[in-house]
Amino acid sequence: MSFEQIWRPLTATFYFPVGPATGFLYMVNLYFLYQYSTRLETGVFDGRPADYLFMLLFNWICIVISAVVMDKQLLMIPLIMSVLYVWSQLNKDTVVSFWFGTRFKAHYLPWVILGFNYIISGSVVDELIGNLVGHLFYFLMFKYPADLGGRSFLSTPQFLYRWLPSRRGGISGFGIPPESARRPADNPPAGGGRHNWGQGVRLGDQ
């Protein structure tokens with residue numbers, strides 16, 4: 001493998017072929033990346049940058065492996081969808097708003113976006129890979145050890161904590177883990193939010 005090939009997974013993650021037929025899809029996915037990555041970073045991962053980076057690295061590695069097996073060239077959309085999927089599962093009872101005033105619970109959001117992107121681009125393979133990778137992380141990190149009583153298969157490496165030490169306090173945000181997985185420092189204050197596209201409000205807040 002040449003030096004260029006070693007760096008190909010990185011360039012494939014950040015490159016997206018923007019053109020007249022893909023420009024809108026690119027902007028929409030950048031919006032999703034900003035919104036839901038920020039909500040995870042300031043929510044369940046608030047004050048824990050090493051854990052957040054580990055989630056991104058785990059998802060990215062799984063997506064790279066999938067791309068090699070399936071001969072996929074672009075990794076940006078799968079990574080964005082994996083982040084969005086994790087947020088939606090940690091906030092599954094949150095009601096979100098989407099196009100044309102449609103409202104539904106957050107755990108449907110990745111599949112609604114999959115259908116939305118299919119209408120725009122005519123393909124769902126990238127979105128499906130992202131959803132499956134996000135589900136793998138959510139199941140191994142939260143669902144299986146916390147809700148099903150199984151062993152923890154994932155843990156953040158100590159060198160990441162040395163590089164990015166955890167802090168207490170910080171900004172409480174949107175992500176809310178399952179009760180069994182929630183740490184005391186993770187509990188956000190009660191309150192609602194603006195009705196932006198894809199931004200949720202808890203049932204009963206209105």
Would you say the side chain of [Y] lies within less than 4.5 Å of the side chain of [X], judging by non-hydrogen atoms?
| X | Y | value |
| --- | --- | --- |
| Phe16 | Val18 | yes |
| Leu10 | Trp60 | yes |
| Tyr161 | Asp51 | yes |

Is there a path of hydrophobic side-chain contacts, each under 4.5 Å between heavy atoms, that joins [X] and [Y]?
| X | Y | value |
| --- | --- | --- |
| Tyr31 | Ile113 | yes |
| Leu160 | Val83 | yes |
| Val124 | Leu84 | no |
| Leu57 | Phe159 | yes |

Got a sec, which pairs hit salt bridge (charged side-chain N to carboxylate O under 4.0 Å, His left out) with one end in [range], sequence neighbours left out?
| range | value |
| --- | --- |
| residues 73-84 | none |
| residues 57-67 | none |
| residues 110-124 | none |

Inset, instruction - Could you list who else is in Phe14's hydrophobic cluster, with ILVMFWY side chains joined at under 4.5 Å, directly or through other members? - result: none
Inset, instruction - Any chance you could pull the hydrophobic cluster mates of Tyr34, using side-chain heavy atoms under 4.5 angstrom and chaining through other members? - result: none
Legend entry - Candidates Thr156, Leu53, Leu140 - the one meeting side chain to side chain contact (heavy atoms under 4.5 Å, CB included) with Phe58: Leu140
Legend entry - From CA spacing to verdict: salt bridge (charged side-chain N to carboxylate O under 4.0 Å, His left out), Asp46, Arg39: CA-CA 9 Å; Asp46 182 33; Arg39 295 179 189 189; over 6 Å; no
Using a 3.5 Å cut-off and no angle test, enumerate the donor-acceptor pairs between side-chain atoms of residues 65-82 and protein atoms at least two apart in sequence or in another chain.
residue, atom, partner, partner atom, Å
Ser66, OG, Cys62, O, 3.0
Asp71, OD1, Gln73, NE2, 3.2
Lys72, NZ, Asp126, OD1, 3.4
Ser82, OG, Asn59, ND2, 3.2
Ser82, OG, Leu79, O, 2.7

Inset, instruction - Mind checking side chain to side chain contact (heavy atoms under 4.5 Å, CB included) for Phe104 and listing every partner two or more places apart, or none if nothing turns up? - result: Val96, Phe98, Thr102, Tyr108, Leu109, Val112
Legend entry - All side chain to side chain contact (heavy atoms under 4.5 Å, CB included) counterparts of Pro165, not counting sequence neighbours: none
Legend entry - ring-ring contact (aromatic ring centres under 6.0 Å, His included) against Trp111, all qualifying residues, sequence neighbours excluded: none
Legend entry - Pairing residues for Tyr144 by the ring-ring contact (aromatic ring centres under 6.0 Å, His included) criterion, not counting sequence neighbours: Phe139, Phe153
Inset, instruction - Quick one: closest heavy-atom pair of His107 and Lys92, and the distance? - result: ND1-O, 3.1 Å
Inset, instruction - Taking all non-hydrogen atoms of both residues into account, name the closest pair between Ser123 and Tyr118 and its distance. - result: N-CD1, 3.7 Å
Legend entry - No-hydrogen, no-angle side-chain donor-acceptor test under 3.5 Å, Arg162 and Gln158: no
Inset, instruction - Scan side-chain atoms only and decide if Ser166 and Arg48 contain a donor-acceptor pair under the 3.5 Å cut-off. - result: no
Nearest 0.5 angstrom please: [X] [atom1] to [Y] [atom2], how far?
| X | Y | atom1 | atom2 | value |
| --- | --- | --- | --- | --- |
| Leu56 | Ile63 | CG | CD1 | 9.5 Å |
| Leu33 | Thr38 | CG | OG1 | 8.0 Å |
| Leu40 | Trp87 | CG | CH2 | 8.5 Å |

Name each donor-acceptor pair under 3.5 Å that joins a side chain in residues 130-137 to protein atoms two or more places apart or in another chain, with its distance.
residue, atom, partner, partner atom, Å
His135, ND1, Tyr85, OH, 2.9

